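Structure first, then comments.
To find a chain, count down the sequence lines: A is the first, B the second, and so on, and within it residues start at 1. From a predicted model like this one, the values you see are computed outputs, not experimental measurements.
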Number of protein chains: 2
Amino acid sequence: MARPRADTFELQRDAMLQAAAQLFAERGFAGASMAQLAETCGVSKPLLYHYYRDKEHLLFGIADGYMDRLIAITAEVRALGLDPETHLRALIGRFMQEYQHSQAHHMVLVQDVKFLASAERIRVVEKQRQVVEAFAQAIARTRPRWTRKTLRVPLAMILFGMINWTFTWLRPDGPLAYDDMADVVTEIFLRGISRRSTDGDGEAE
Amino acid sequence: MARPRADTFELQRDAMLQAAAQLFAERGFAGASMAQLAETCGVSKPLLYHYYRDKEHLLFGIADGYMDRLIAITAEVRALGLDPETHLRALIGRFMQEYQHSQAHHMVLVQDVKFLASAERIRVVEKQRQVVEAFAQAIARTRPRWTRKTLRVPLAMILFGMINWTFTWLRPDGPLAYDDMADVVTEIFLRGISRRSTDGDGEAE
DNA sequence: CCTACCGATCGGTAGG
DNA sequence: CCTACCGATCGGTAGG
């Protein structure tokens with residue numbers, strides 16, 4: 001009873017975060033103004049500051065919340081208990097599905113995290129590390145015998161390159177579907193890391 | 001005799017462009033100030049404006065000049081007259097070598113081209129299209145029989161993802177050498193697109 | 001939750 | 001009349 005508008009509060013807060021993600025993605029964090037954002041949201045600038053302490057707090061909300069979503073996906077897929085190759089396929093597929101609806105959030109994550117203060121930036125980077133680790137593990141499990149330890153993370157980053165770079169060219173309303181892209185990427189990557197490739201030492205079978 | 005300091009002029013101009021690339025990469029175009037740049041260069045702000053009309057002109061110089069460099073590399077490799085697979089290997093290798101020394105330029109290209117006015121942005125994007133086309137052609141030549149037309153450019157973008165994403169994680173002074181990364185990427189990609197993969201229609205052999 | 005403002009700094013240019 | 005360059009400050013706008 002003390003806070004009858006709690007639901008509305010959260011909805012309003014989230015709507016502002018979505019609008020901020022869109023604006024930051026378009027103009028960059030430094031290039032976007034709080035006045036523009038207030039206008040987009042149809043509220044006054046002071047009201048914006050009622051929901052978020054400052055501009056950077058909006059940025060942190062976007063990046064941190066998005067990373068929580070990506071970490072949740074890795075956990076959901078892990079809970080399915082799939083065999084290694086199906087597991088990796090599922091990870092790639094689920095991520096591409098998420099990307100299709102999170103273009104703004106992802107662009108903010110890539111280009112604007114550097115504007116966060118040290119403590120907040122470290123929190124976000126640590127969550128990114130968790131996601132990379134989930135992929136590195138999934139990759140390693142498909143080729144348990146040969147993967148060189150030094151290539152564990154680089155292989156994951158190569159895979160992330162293939163799917164994350166789509167933010168520069170793939171459009172949700174374009175001719176190539178995200179699901180098809182996921183299939184193509186999965187095929188290329190699994191074939192690419194198959195027996196003996198990318199590995200020259202004695203651990204190979 | 002009329003312009004005895006022409007050489008100095010070009011050197012000074014280029015030094016400013018390098019410093020601007022570094023600063024824009026670190027703080028973003030909108031987040032970097034001309035005062036900071038002038039200080040970094042050890043010159044007055046008005047002198048900066050003597051060499052470059054305005055802030056955006058610096059940005060255009062960085063992006064356009066860098067694209068000229070990348071286009072030149074595709075032309076140099078093409079002039080070698082290599083067989084298809086060696087040609088693609090050479091392209092990847094030469095690009096990774098260039099990337100090792102052009103981190104700032106590439107980050108500016110990816111994150112700040114949106115700040116260019118329409119005409120300048122279109123000029124840069126057109127040069128990017130030329131580089132993508134050079135890669136798409138090189139890829140298609142390695143698998144002349146089966147590559148679906150709809151995947152021509154997407155395959156090139158997948159390859160660019162693998163090498164361009166390195167700007168988010170690979171360090172020139174890190175444990176993994178750029179040359180080794182080029183080898184790993186080339187291996188994965190060539191294996192990945194080998195016979196029948198990523199293609200389900202009758203054109204496959 | 002608004003109008004009305006602030007200290008500071010922005011990109012760009014004046015006179016000399 | 002050109003270039004190369006300075007100290008100081010312009011009109012506007014940023015985050016708050």
Provide, to the nearest angstrom, the distance between the [atom1] atom belonging to [X] and the [atom2] atom belonging to [N].
| X | N | atom1 | atom2 | answer |
| --- | --- | --- | --- | --- |
| D54(B) | dG11(C) | CG | P | 11 Å |
| Y52(A) | dG16(D) | OH | P | 15 Å |
| L37(B) | dT9(C) | CG | C1' | 16 Å |
| R53(B) | dT13(C) | CZ | P | 11 Å |
| M34(B) | dT13(C) | CE | P | 10 Å |
| K55(A) | dT13(D) | NZ | C1' | 12 Å |
| Y49(A) | dG16(D) | OH | P | 4 Å |

Is [X] salt-bridged to [Y], going by a charged N under 4.0 Å from an acidic O?
| X | Y | value |
| --- | --- | --- |
| R89(B) | E85(B) | yes |
| R123(A) | E126(A) | no |
| E133(B) | R152(B) | yes |

Task: Pairing stems for DNA chain D [at least three consecutive pairs; Watson-Crick or G-U; under 3.5 angstrom] - done: none

- [ ] With sequence neighbours left out, write down each residue that passes ring-ring contact (aromatic ring centres under 6.0 Å, His included) with Y51(A), or none if nothing qualifies.
- [x] F9(A)

Nearest 0.5 Å please: distance from the [atom1] atom of [X] over to the [atom2] atom of [Y].
| X | Y | atom1 | atom2 | result |
| --- | --- | --- | --- | --- |
| H57(A) | L17(A) | NE2 | CG | 9.5 Å |
| R69(B) | E98(B) | CZ | CD | 4.5 Å |
| K45(B) | Q36(B) | NZ | CD | 11.0 Å |

Open item on the list: Give me the distance, rounded to whole Å, that separates dA4(D) from dG16(C) when you measure between the P atoms they each carry.
Closed with: 22 Å

- [ ] Inspect the surroundings of CZ in R27(B) and state if more than 12 heavy atoms from other residues, nucleotides or ligands are less than 6.0 Å away.
- [x] no

Pairs under 3.5 angstrom, nitrogen or oxygen only, protein versus nucleotides 2-6 of chain C, please.
residue	atom	partner	partner atom	Å
dC2(C)	OP2	S44(A)	OG	2.0

- [ ] Answer with base, sugar-phosphate or nothing: what part of the nucleic acid does A32(A) contact at a heavy-atom distance below 4.0 Å?
- [x] sugar-phosphate

Open item on the list: Students often get this wrong, so: under 4.0 angstrom with heavy atoms, is Y51(B) touching a base, only sugar-phosphate, or nothing?
Closed with: sugar-phosphate

TODO: Report the C-alpha separation of W165(A) and L170(A) in whole Å, then their side-chain angles, then the decisive distance to 0.1 Å, and conclude whether the side chain to side chain contact (heavy atoms under 4.5 Å, CB included) test is met.
DONE: CA-CA 9 Å; W165(A) 194 250; L170(A) 194 58; over 6 Å; no

